[in-house]
Amino acid sequence: MGLSKTIWTNPTEYLRTMQPENPVLFFSPQALQAQAKRFIDGFPGLVTYAVKSNPGEEVISNLAAAGVRGFDVASPFEIALIRRLVPDAALHYNNPVRAKHEIAFAVAHDVDSYSVDSASELEKLIAMVPAGREISVRFKLPVSGAAYNFGAKFGATVELAAQLLARVAEAGFKPSLCFHPGTQCTDPAAWEAYIRAAADIVAASGTTIERMNVGGGFPSHRLNGVVPQLDATFALIDRVTGEAFGDARPSLICEPGRGLCGDAFVLADRVKAVRDGAHVFLNDGTYGALNELMLIGVIDRTTVMAPNGQIRGGAPVPRIIFGPTCDSVDRLPGEVMLAGDIAEEDYLIFHGFGAYSVATNTRFNGFGDLQLATVLSTKL
Ligand SMILES: *Cc1c(COP(=O)(O)O)cnc(C)c1O
């Protein structure tokens, strides 16, 4: 995806001037760096970035410039990407199932920390990773609060986690714990449950931990009525860690993806047609940058803009929105409230769209020519 060298004032200036027929993601480096500083200043520990949420080189470089020095990586490709862009960064390989060739690649690239959630995968690490490295046991709880459940695939039970932690220490590695409360987790109570369970796991294991990773899951601003309470969440994590661990308090790591990159981007899609005055067809859909809406639901932070840059102010009407491909799956979930005077060739703008958008965009059916434009501000 090409990044133009021109820096535009805001998305409106670009849309009015360029009249793009392809979907455009507007990126504000200033907004990204400001959000990184918010995390670095506010989170009571080390801030790392989950590369999968948006692996764009402009994202990685701006996070590094803002002071992010650690990255959560899940594959040899992501390891190589970070080693190239931020050579001295700490790499946390937090994908708990790895082929042997992937472990060998990580060892050769000096990965600092590995997560694990099963006995078989732990034995693979013990056999291949130099002793003394950190191995972090990932556990899960049946708690809610997130947009969807991250425990369905990864995470040991509390009982297994205590056994794995003991085995990590016995084999000569640094034991640690990690969890992920689920993405877009708007209920800070999820972290409280996990941190208290972590203290129980450590007690049951007979070991101590120097560090604990409290995951990603920090929300971005997706819904008008749900503004992320980052500072309150940081304060809760700090307080509960102190209460649960007392004198044996571990240092903390977080690994946000969406919470860091989401609000630094705005997506603009063009209306191809309003079919017989009812269904809205976009030049982008669930095979493109809107893929994630199928999983975590529609976003209501949207704006309809006429080709001349005017914001449409018609009374909102519920609409079915289809993407451009010939696949009937290519439809946004439910109905979306859009300005009633929306018209063909307008732009439908989705705010806070930096996470899981460019990363999952495909060229299915010949669509998905997603372009990136740099703006000073994502405000329209
Ligand atoms: C995806 C992922 C993250 C980032 O999740 P967000 O919800 O985007 O913050 C962090 N850690 C791990 C292990 C992940 O798989």
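First listed ligand is number 1; within each ligand, the first listed atom is number 1. If you read the sequence from its start, that first residue is 1, and numbering goes on from there.
- Not one N or O on the side chain of D276 forms a donor-acceptor pair closer than 3.5 Å with the backbone of A278.
- Residue-to-ligand polar distances keep R138 apart from ligand 1: every N/O pair is separated by 3.5 Å or more.
- Backbone and side-chain nitrogen or oxygen atoms of G257 are examined, and one is located within less than 3.5 angstrom of a nitrogen or oxygen of ligand 1.
- Taking every non-hydrogen atom of P256 and a distance limit under 4.0 Å, the qualifying atoms of ligand 1 come out as 9 (O).
- Between the Q184 side chain and the S220 main chain, a donor and an acceptor come within less than 3.5 Å of each other.
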For residues 229-237, please give each side-chain donor-acceptor pair under 3.5 Å, one per line with the distance, not counting sequence neighbours.
unit_1, atom_1, unit_2, atom_2, d
Q229, NE2, V227, O, 3.0
T233, OG1, Q229, O, 2.8

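- At a heavy-atom distance under 4.0 Å, only side-chain atoms of D72, from C-beta outward, approach ligand 1.
- For ligand 1, the atoms closer than 4.0 angstrom to any heavy atom of G216 are 9 (O), 10 (C).
- By the side-chain contact (heavy atoms from CB on, under 4.5 Å) test, A268 is found to be paired with L15, F26, I349, residues two or more places apart in sequence or in another chain being considered.
- Polar contact with ligand 1: present for G217 (N/O pair, distance under 3.5 Å).
- Within the listing of ligand 1, atoms 3 (C), 4 (C), 10 (C) sit less than 4.0 angstrom from a heavy atom of A50.
- Ring geometry for F179 against Y194 counts as parallel: the plane angle stays under 30°, on a 0 to 90° scale with 60° as the upper cut.
- Less than 4.0 angstrom separates some heavy atom of T183 from each of these atoms of ligand 1: 6 (P), 7 (O), 8 (O).
- In this structure, F105 and H109 have parallel ring planes: the angle between them is below the 30° cut-off, well short of the 60° mark.
- The closest approach between Y356 and ligand 1 falls below 4.0 Å for a heavy atom of the residue.
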(request) Show your working on side chain to side chain contact (heavy atoms under 4.5 Å, CB included) between T241 and V214 and close with a plain yes or no. (result) CA-CA 10 Å; T241 305; V214 301; 5.6 Å; no
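- Close approach of ligand 1 to N94 is summarised as follows: ligand atoms under 4.0 Å from at least one heavy atom of the residue are 13 (C).
- Atom-to-atom distance recorded for N361:CG and F367:CZ is 12.5 Å, nearest 0.5 angstrom.
- In this structure, the separation between CD on E255 and OH on Y49 is 12.0 Å, given to the nearest 0.5 Å.
- Not one N or O of S53 is nearer than 3.5 Å to an N or O of ligand 1, by distance alone.
- Using a 4.0 Å cut-off to heavy atoms of E255, the atoms of ligand 1 that qualify are 3 (C), 4 (C), 10 (C), 11 (N), 12 (C), 13 (C).
- Comparing heavy-atom distances from atom 5 (O) of ligand 1 across H92, R258, H180 singles out H180 as nearest.
- For ligand 1, the polar-atom distance check against K52 finds a nitrogen or oxygen pair separated by under 3.5 Å.
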